[in-house]
Amino acid sequence: MSNDQYSSDTLTDFTPETTEPRRVVVLISGNGSNLQALIDAQSHGELGGEIVAVISNQPNAYGLKRARDAGIDAVVLPHREYESREAFDGALIKVIERHEPDLIVLAGFMRILSPIFVQRFYGRLLNIHPSLLPAYQGLDTHARVLADGAKEHGASVHFVTEELDGGPVVIQAALEITEDDSVETLKNKVHSREHLIYPIAVKWFLEGRLRLGAEGATFDGVPLPPQGMRMSHADAAEELDEDIGEES
Ligand code: GRF
């Protein structure tokens with residue numbers, strides 16, 4: 001082999017490694033406990049990427065402090081300063097795109113998104129919702145679950161589509177409702193489950209295992225069932241060190 005050939009073969013085979021971490025933008029409106037779970041996962045090297053910005057439509061959202069404390073760019077974009085939903089969403093798109101995200105994570109972002117926004121980031125938008133979707137879409141899920149005497153509740157991560165709380169579910173964590181449960185206890189239990197499953201879903205996405213295709217959400221190329229992956233009550237309770245009474 002001539003020297004020339006050797007060097008040319010070597011150059012052809014050389015593929016530069018991408019060392020840039022995958023980029024995540026998180027949208028919040030309030031407390032940001034899910035944001036904190038994502039920040040914690042990142043600091044343990046378990047997120048599969050980096051949160052490059054947190055954007056809030058509420059100037060006093062506590063999550064902004066969580067972002068700043070973690071050294072993350074915290075941006076306030078008050079929706080009240082825009083004359084229409086479309087105008088606000090247009091501005092939001094611009095701020096998000098400045099950060100060149102691979103994924104946009106809605107973590108308690110209390111705004112209905114316009115079709116233009118959803119289409120712009122289609123397949124790169126995740127949301128977390130406090131119910132076992134498709135049950136209990138919308139607000140006040142804990143009170144509605146209790147009023148119905150339901151036996152089971154939980155949290156779901158789903159891709160965002162134009163149907164409110166209706167996009168393909170990625171992962172759910174279930175919880176069994178007991179006689180002692182109130183809106184407050186359910187809220188806490190659901191929150192703890194959210195903090196377990198959201199970092200998992202984000203990591204799957206950033207690793208390229210989770211996708212939204214024509215046939216819905218897929219995991220490692222296989223279509224997910226309508227309720228996504230499921231963490232049972234027992235598994236979640238064990239993970240969270242919850243007292244599950246006689247069963248434990
Ligand atoms: C969570 O319960 C989530 O399901 C809903 O908004 C709440 C946000 O809580 N979408 P936090 O701000 O992350 O604490």
Side-chain angles (χ1 to χ4, degrees), residues 20-39 41-42 47-130 133 137-139 155-170 194-195 198-199 201-206 210-212 217:
E20 289 287 300
R22 312 279 278 157
R23 300 168 68 81
V24 182
V25 165
V26 183
L27 306 189
I28 61 162
S29 298
N31 180 27
S33 67
N34 279 287
L35 165 68
Q36 189 65 55
L38 298 172
I39 291 173
Q42 180 181 322
L47 194 67
E50 186 187 341
I51 303 168
V52 292
V54 170
I55 305 171
S56 172
N57 64 312
Q58 295 288 0
N60 54 358
Y62 184 69
L64 289 164
K65 179 179 176 344
R66 297 182 191 268
R68 291 189 195 107
D69 286 352
I72 299 167
D73 198 1
V75 183
V76 178
L77 196 68
H79 64 276
R80 287 182 213 288
E81 291 179 9
Y82 294 83
E83 62 188 20
S84 66
R85 183 175 303 284
E86 286 67 30
F88 172 74
D89 282 7
L92 185 57
I93 288 172
K94 281 195 187 139
V95 178
I96 291 173
E97 286 188 335
R98 243 190 356 240
H99 294 278
E100 301 181 345
D102 297 290
L103 174 68
I104 297 105
V105 172
L106 309 181
F109 186 62
M110 301 304 283
R111 296 274 310 165
I112 293 176
L113 295 163
S114 61
I116 289 177
F117 184 96
V118 174
Q119 283 156 19
R120 178 67 69 109
F121 298 117
Y122 191 82
R124 289 191 288 150
L125 265 178
L126 289 178
N127 184 41
I128 190 148
H129 182 77
L133 290 171
Q137 299 172 337
L139 298 173
S156 310
V157 177
H158 66 96
F159 277 108
V160 176
T161 61
E162 285 179 41
E163 193 191 335
L164 187 66
D165 300 327
V169 177
V170 170
E194 291 182 343
H195 303 160
Y198 220 177
V202 169
K203 185 164 189 272
W204 284 346
F205 183 91
L206 296 177
L210 177 66
R211 286 173 203 269
L212 180 60

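Heads up: numbering here begins at 1 and tracks the sequence.
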Visitor: Is it the case that more than 12 heavy atoms not belonging to R211 sit under 6.0 Å from its CZ atom?
Guide: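 Result for CZ/R211: open.
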Visitor: Among all residues two or more places apart in sequence or in another chain, which pass the salt bridge (charged side-chain N to carboxylate O under 4.0 Å, His left out) test with D69?
Guide: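 Salt bridge (charged side-chain N to carboxylate O under 4.0 Å, His left out) list for D69, sorted by chain: K65.
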Visitor: When you measure from the side chain of Q42 to the backbone of I51, do you find a donor-acceptor pair of N or O atoms at a distance under 3.5 Å?
Guide: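 At least one qualifying donor-acceptor pair exists.
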Visitor: Counting only N and O atoms by type, is there a donor-acceptor contact under 3.5 Å from the side chain of E194 to the main-chain atoms of A155?
Guide: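 Side chain of E194 to backbone of A155, a donor-acceptor pair under 3.5 Å: no, none is there.
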Visitor: Less than 4.5 Å apart, side chain to side chain, heavy atoms only: is that true for F121 and V160?
Guide: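 Not in contact.
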Visitor: Can you list the steps and then say if H79 with Q58 is a side chain to side chain contact (heavy atoms under 4.5 Å, CB included)?
Guide: CA-CA 8 Å; H79 64 276; Q58 295 288 0; 3.9 Å; yes
Visitor: Please check if the side chain of R66 supplies one atom and the backbone of G32 the other of a donor-acceptor pair under 3.5 Å.
Guide: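 Checking the backbone N and O of G32 against the side chain of R66, a donor-acceptor pair under 3.5 Å is found.
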Visitor: Hey, mind stepping through I72 and I39 against side chain to side chain contact (heavy atoms under 4.5 Å, CB included) and telling me if it holds?
Guide: CA-CA 9 Å; I72 299 167; I39 291 173; 3.9 Å; yes
Visitor: Is there a side-chain contact between H158 and V170 (heavy atoms, below 4.5 Å)?
Guide: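 No, their side chains stay 4.5 Å or more apart.
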Visitor: Quick one: does S156's side chain have a donor or acceptor within less than 3.5 Å of a partner on L133's backbone?
Guide: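 Checked: pair present.
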Visitor: Donor-acceptor pair, distance only, cut-off 3.5 Å: does the side chain of D73 make one with the backbone of V52?
Guide: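 Side chain of D73 to backbone of V52, a donor-acceptor pair under 3.5 Å: no, none is there.
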Visitor: Go through it in stages, so that I can follow the logic: the residues are W204 and V157, the test is side chain to side chain contact (heavy atoms under 4.5 Å, CB included), and I'd like the CA-CA distance, side-chain angles, deciding distance and then a yes or no.
Guide: CA-CA 12 Å; W204 284 346; V157 177; over 6 Å; no
Visitor: Hey, are the side chains of L64 and R68 touching, using non-hydrogen atoms and a 4.5 Å cut-off?
Guide: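 Yes, their side chains come closer than 4.5 Å.
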Visitor: Can you name the closest pair of heavy atoms from P199 and A37 and give their distance?
Guide: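 So the minimum-distance heavy-atom pair works out to CG-O, 3.9 Å.
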Visitor: Is any side-chain heavy atom of L125 closer than 4.5 Å to a side-chain heavy atom of F159?
Guide: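 Heavy-atom side-chain distance check fails, nothing below 4.5 Å.
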Visitor: Donor-acceptor pairs under 3.5 angstrom involving side-chain atoms of residues 98-115: please list them, not counting sequence neighbours.
Guide:
unit_1	atom_1	unit_2	atom_2	d
D102	OD1	R22	NH1	3.3
D102	OD2	R23	N	2.6
S114	OG	D89	OD2	2.6

Visitor: Please assess V25 against V95 for the test side chain to side chain contact (heavy atoms under 4.5 Å, CB included), listing each intermediate value before the final yes or no.
Guide: CA-CA 10 Å; V25 165; V95 178; over 6 Å; no
Visitor: Just wondering, do N57 and F88 contact through their side chains at under 4.5 Å, heavy atoms?
Guide: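 F88 reaches N57 side chain to side chain.
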